[in-house]
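Beneath this line is the structure, given in structure tokens, with notes to follow.
Whatever order the structure lists ligands and atoms in, that order sets their numbers, starting from 1. Counting from 1, the numbers follow the sequence of the chain as shown.
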Amino acid sequence: MSAADLDSYVRAVPDFPKPGILFRDITPLLNDAGAFATAIDCFAGLIEPYRVQGLVAIESRGFIFGAALAHHMHLPLLLVRKPGKLPRRTVSAAYELEYGMDSIEMHAEDIVSDRPYAVIDDVIATGGTAAAAAGLVEQYGGRVACCAFLIELALLKGRERLAGHAVESVLKY
Ligand code: AMP
């Protein structure tokens, strides 16, 4: 199986979670061991050239790929979580949604100064979430060597929000 074959394991669901959103459902891909393994191989192949020393995964579907990649690439994993989930001292970043604001948190003391990281998520849409995560890593001394996604929704121009960072994606729509 190759990256091109993965397309048939991502289902486009119209009007979820609200009217006008075309949701990219990755559960068929997770439900096929070969497709998931191929996705992780492709994902890792995109990240390897950046020689990162840590992965920063975004809640919640980013954790699925971040954890598998951390195991596959033998790298440390940091979690970017929704507010109130991390037990030690956290730092947070707010970012704009289509309507309103949201925020994310990390354990700042776990970010190692000058260490190159990859920010990981399942989907990049507007890029707001990944840009906030990358900003936190950098604010606390880490380097963001690349941002990598299973799926890039190219029309939403998330790359522009991540200007100055390398952006990689396994599948583009
Ligand atoms: P954004 O900050 O706009 O790039 O949104 C990224 C986050 O929202 C990711 O964590 C995705 O899981 C989720 N997301 C946004 N749009 C979609 C979509 N059309 N299908 C699936 N997930 C999405």
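Of the protein's heavy atoms, R61 NH2, 3.2 Å lies nearest to atom 22 (N) of ligand 1. Scanning the protein for heavy atoms near atom 3 (O) of ligand 1, the closest one is T126 OG1, 2.5 Å.
Atoms of ligand 1 lying under 4.0 Å from any heavy atom of D121, numbered from 1 in the order shown and given with element: 9 (C), 10 (O). Heavy-atom contacts of L153 reach the following atoms of ligand 1: 18 (C), 19 (N) (cutoff under 4.0 Å). Atoms of ligand 1 found under 4.0 Å from any heavy atom of D122 (numbered from 1 in listed order, with element): 9 (C), 10 (O), 11 (C), 12 (O).
With a 4.5 Å cut-off on side-chain heavy atoms, L75 and V52 count as touching. In this structure, the side chains of I64 and D122 stay at 4.5 Å or more apart for every pair of heavy atoms. With a 4.5 Å cut-off on side-chain heavy atoms, I104 and D102 do not count as touching. Contact of the I124 side chain with the R161 side chain is not registered, since no non-hydrogen atoms from C-beta on lie closer than 4.5 Å. The side-chain heavy atoms of R24 and Y173, taken from C-beta on, include a pair separated by under 4.5 Å. Taking 4.5 Å as the limit, every side-chain heavy atom of L22 sits out of range of all side-chain heavy atoms of V13.
At a 4.0 Å heavy-atom cut-off, ligand 1 touches V123 through backbone and side chain alike. Of all the heavy atoms of T129, the ones lying under 4.0 Å from any atom of ligand 1 are found in both the backbone and the side chain.
Ion pairing between a basic and an acidic side chain is recognised when a charged N comes within 4.0 Å of a carboxylate O; E105 and K85 show no such pairing.
Ligand 1 has no atom lying under 4.0 Å from any heavy atom of A130. Using a 4.0 Å heavy-atom cutoff, L22 is listed among the residues neighbouring ligand 1.
Residue contacts with ligand 1: A125 is placed with a nitrogen or oxygen under 3.5 Å of a nitrogen or oxygen of the ligand (distance criterion only). Residue contacts with ligand 1: I21 is placed with no nitrogen or oxygen under 3.5 Å of a nitrogen or oxygen of the ligand (distance criterion only). Note: an N/O pair closer than 3.5 Å links R24 and ligand 1 by distance alone.
Between the side chains of S2 and D5, at least one donor-acceptor pair of N or O atoms lies under 3.5 Å.
Residues passing the ring-ring contact (aromatic ring centres under 6.0 Å, His included) test with Y140, sequence neighbours excluded: none.
For atom 12 (O) of ligand 1, a protein heavy-atom neighbour is found at a distance under 4.0 Å.
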